[in-house]
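Here's the structure we're looking at; comments come further down.
Everything numeric here is computed off the predicted structure, so don't read it as measured data. Basis for what follows: all heavy atoms, side chains included, without hydrogens, waters or symmetry-related copies.
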Amino acid sequence: MCFGPFRPLRQLCHWGPFVAIFLILYITTTAIVCDLSSWPPLRDSPLSLAHCAMLLIWGLTIFYNYFHAVFLGPGFVPKGWRPANPEDEKSLQFCQPCGGYKAPRAHHCRYCKRCVMKMDHHCPWINACCGHRNHAYFTKFLIFAVLGCAHGAIVCMYTVYLQLFQLILYPRRRYMVQEIRQSPYYEFTIIHIICSILAIGFALGVCIAVGILFFIQMKSILKNETGIETWIKTKANARHRRKGSEFIYPYHLGWKKNLAEVFTWSGIPNGDGMEWVVREGCDQYTLTREQLAQKAEKKHRLVEYEVTDDYSGSVCAIGHGICTCIRIPLSDEPRIKVEIGDIIMVSRWKKYWLYGDKVLETDEEKAKGRVRGWFPSNCAEEFVIDNCSNGTNKPKED
């Protein structure tokens with residue numbers, strides 16, 4: 001991720017923006033071409049001109065919100081940031097890569113290489129994180145993309161029906177179709193039909209995929225929580241239930257106020273991304289203290305493993321078994337390269353995969369930062385304490 005003067009342009013040089021912009025342009029352009037064929041503005045009523053203008057407005061509105069989400073960015077915590085009161089540092093997590101503390105609701109993004117304000121997730125389609133500053137524009141981009149693609153798909157399907165299926169199924173009514181095909185702008189050909197069918201497929205795919213993402217985003221906004229905070233809250237509720245207490249999520253202000261926190265008339269969300277409005281009985285560090293408590297418990301659950309077989313970190317792990325290759329973790333978290341003799345502190349377990357932090361021994365390795373991710377479970381063996389060997393660790397034998 002580039003943060004220099006050419007950041008806006010370089011941020012578009014990624015497969016995600018390329019695909020997103022192509023789909024928007026292709027579906028919008030094809031829908032307008034189909035509209036000019038089926039409802040030519042110079043031949044039909046004035047409503048046909050309004051209909052064509054509406055398709056163009058959808059495209060402009062989608063691009064307006066898309067580029068705002070891309071170029072405005074999520075907002076980043078300043079590097080080396082510390083709270084004004086040194087005592088508050090005890091309630092915050094320290095970020096080694098950024099050299100400062102994580103502000104409340106902020107998380108470090110390994111793609112952006114910065115701590116992101118109110119980070120929800122890193123979206124490859126905008127090649128940026130969805131966070132505090134661009135959350136509203138990103139959500140509006142999603143809903144307008146769904147509405148615009150749905151409209152475009154209907155126009156393309158109706159045009160394909162008129163131009164293709166009526167000619168095949170109703171040859172006696174060919175004169176009716178010929179009248180429709182006599183557009184003052186161009187003649188609809190077989191190439192147009194093929195392009196229209198592709199546009200229908202793209203548009204329906206966007207409606208389904210983006211519609212699901214929009215539903216998830218709205219659900220989070222109505223609760224005033226991010227995807228990361230949903231996971232933290234779930235673990236917090238379980239942890240407090242074991243203790244016989246109740247965890248109060250500090251940012252849920254009621255759905256109306258939650259919406260007002262994100263959607264404003266100016267387009268700029270409320271707050272500075274560093275301090276937040278919280279519920280009565282909570283403070284700015286209620287959630288961050290809960291995160292620290294969860295991390296402390298997590299350290300007690302870590303299990304030490306020794307690597308017994310090399311793994312290159314590749315996507316295809318066929319060398320470690322067909323099931324390992326097929327049953328991959330459903331996560332965007334990285335896979336790590338491991339070599340025989342490496343020590344991994346494992347924190348998550350799946351049948352064929354393990355997730356953990358590699359124990360770094362040399363100063364050179366430590367300078368590069370922590371190494372954590374997934375690796376095949378058959379690459380390592382758990383360490384156990386042998387009471388007969390003066391408490392020394394050795395691999396568990398089968």
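Judged purely by atom type and a 3.5 angstrom limit, Ser220 has no side-chain atom pairing as donor or acceptor with the backbone of Thr226. Although no hydrogens or angles enter the test, the distance criterion places a donor-acceptor pair under 3.5 Å between the side chain of Asp342 and the main chain of Glu339. At distances below 3.5 Å, at least one donor-acceptor pair connects side-chain atoms of Thr288 with backbone N or O atoms of Ser91. When atom types are taken as modelled, the side chain of Asn134 and the backbone of Gly75 share no donor-acceptor pair closer than 3.5 angstrom. The closest donor-acceptor contact from the side chain of Glu225 to the backbone of His252 lies at 3.5 Å or more, if one exists at all. Remark: the backbone N or O of Lys223 is not paired with any side-chain donor or acceptor of Tyr249 at under 3.5 angstrom. The closest donor-acceptor contact from the side chain of Asp310 to the backbone of Ile340 lies under 3.5 Å. Although no hydrogens or angles enter the test, the distance criterion places a donor-acceptor pair under 3.5 Å between the side chain of Gln284 and the main chain of Trp276. Counting only distance, with no hydrogens or angles, the side chain of Asn270 and the backbone of Ala260 share a donor-acceptor pair below 3.5 Å. Side chain of Glu304 to main chain of Ile343: no donor-acceptor pair is present (N/O by atom type, distance under 3.5 Å, no hydrogens or angles).
Annotation: side chain of Thr324 is in contact with side chain of Asn378 (closest heavy-atom distance under 4.5 Å). Side-chain contact between Leu222 and Leu259 is present, with heavy atoms from C-beta onward closer than 4.5 Å. Looking only at side-chain heavy atoms (C-beta outward), Cys129 and Asp120 stay at 4.5 Å or farther from each other. Residues His121 and Cys123 have side chains in contact (heavy-atom distance under 4.5 Å, counting atoms from C-beta outward). Within the 4.5 Å cutoff, the side chain of Thr286 has no heavy atoms near those of the Ile248 side chain. Leu360 places a side-chain heavy atom less than 4.5 Å from the side chain of Val371. Within the 4.5 Å cutoff, the side chain of Asn258 has no heavy atoms near those of the Ile221 side chain. Within the 4.5 Å cutoff, the side chain of Ile344 has no heavy atoms near those of the Leu354 side chain.
Interatomic distance, CD1 of Ile27 versus CG of Leu55, reported as 12.0 Å (0.5 Å rounding). Between Phe247 atom CZ and Ile232 atom CD1 the span is 8.5 Å, to the nearest 0.5 Å. Atom SG of Cys109 sits about 7.5 Å away from atom CZ of Phe76, to the nearest 0.5 Å. In this structure, Ile126 CD1 and Leu72 CG are separated by 10.0 Å, a value rounded to the nearest 0.5 Å. Rounding to the nearest 0.5 Å gives a distance of 9.0 Å between CG of Leu213 and CZ of Phe141. The distance from atom OG of Ser347 to atom NZ of Lys298, rounded to the nearest 0.5 Å, is 4.0 Å.
Tyr311 and His320 have perpendicular rings, their planes meeting at more than 60° on a 0 to 90° scale where under 30° would count as parallel. Ring geometry for Trp58 versus Phe144: interplanar angle of 30 to 60°, hence tilted. Note on ring orientation: taking the six-membered ring where Trp is involved, the planes of Phe67 and Phe71 are parallel (angle under 30°, cut-offs 30° and 60°). Using a 30° and 60° split on the angle between ring planes, Tyr305 and Trp349 fall in the tilted class, from 30° to 60°.
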Please lay out, stage by stage, how Tyr64 and His68 fare under the test ring pair (Phe, Tyr, Trp, His ring centres under 6.0 Å).
CA-CA 6 Å; Tyr64 175 82; His68 269 77; 4.3 Å; yes

Using the side chain to side chain contact (heavy atoms under 4.5 Å, CB included) rule, take Trp374 and Ile336 through it: C-alpha gap first, then chi angles, then the decisive distance, then the call.
CA-CA 6 Å; Trp374 294 96; Ile336 57 173; over 6 Å; no

Worked verdict on Lys102 versus Gln93 for side chain to side chain contact (heavy atoms under 4.5 Å, CB included)
CA-CA 6 Å; Lys102 297 179 183 179; Gln93 300 180 77; 4.2 Å; yes

Using the side chain to side chain contact (heavy atoms under 4.5 Å, CB included) rule, take Leu23 and Val206 through it: C-alpha gap first, then chi angles, then the decisive distance, then the call.
CA-CA 9 Å; Leu23 288 176; Val206 170; 4.2 Å; yes

Going through the distances and angles, do His122 and His107 end up as a ring pair (Phe, Tyr, Trp, His ring centres under 6.0 Å)?
CA-CA 11 Å; His122 185 89; His107 300 275; over 10 Å; no

Side chain to side chain contact (heavy atoms under 4.5 Å, CB included) between Val346 and Phe375: does it pass, once the steps are laid out?
CA-CA 10 Å; Val346 175; Phe375 61 96; 4.1 Å; yes

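Exactly one residue among Lys235, Lys233, His240 makes a side-chain hydrogen bond (donor to acceptor under 3.5 Å, both in side chains) with Glu290. That residue is His240.
When all heavy atoms of Cys115 and Cys95 are compared, the closest pair comes out as SG-SG, 3.5 Å. Minimum interatomic distance between Ala153 and Ile200 (heavy atoms only, all atoms of both residues): O-CG1, 4.2 Å. The two residues Cys156 and Ser196 have their closest heavy-atom pair at CB-O, 4.1 Å. The two residues Ala145 and Val210 make their nearest non-hydrogen contact at CB-CG1, 4.3 Å. For Gly99 against Phe94, the heavy-atom pair with the smallest separation is C-CZ, 3.7 Å. Taking each heavy atom of Gly73 and Arg133 in turn, the nearest pair found is O-CB, 3.3 Å.
Legend: residues meeting ring-ring contact (aromatic ring centres under 6.0 Å, His included) with Tyr285, ordered by chain and number and at least two apart, are absent. Considering only residues two or more places apart in sequence or on other chains, Arg370 meets the salt bridge (charged side-chain N to carboxylate O under 4.0 Å, His left out) condition with Asp357. Under the rule for a salt bridge (charged side-chain N to carboxylate O under 4.0 Å, His left out), Arg279 has no partner lying at least two apart in sequence or in another chain. Listed by chain and residue number, nothing satisfies the salt bridge (charged side-chain N to carboxylate O under 4.0 Å, His left out) test with Arg372 (two or more places apart in sequence, or in another chain). Evaluation of the side-chain contact (heavy atoms from CB on, under 4.5 Å) rule for Ile326 yields Ile322 as partners, not counting sequence neighbours. Applying the salt bridge (charged side-chain N to carboxylate O under 4.0 Å, His left out) test to Lys90 and every residue at least two apart in sequence or in another chain returns Glu87.
Residues Arg105 and Glu275 are not paired through a salt bridge, judged by the lack of any N-O separation under 4.0 Å between the basic side chain and the carboxylate. The residues Lys118 and Glu261 are annotated as not salt-bridged, no charged nitrogen and carboxylate oxygen being separated by less than 4.0 angstrom.
Lys337 NZ: 12 or fewer foreign heavy atoms inside a 6.0 Å radius. At most 12 non-hydrogen atoms from other residues, nucleotides or ligands lie less than 6.0 angstrom from CZ of Phe215.
One hydrophobic cluster, built from ILVMFWY side chains closer than 4.5 Å, holds both Leu25 and Met54. Criterion: ILVMFWY side-chain heavy atoms under 4.5 Å apart, direct or through other members. Under it, Tyr352 and Val307 are part of a common hydrophobic cluster.
Geometric assessment of Arg335 against the ring of Trp353 yields a positive cation-pi assignment under the 6.0 Å and 45° thresholds.
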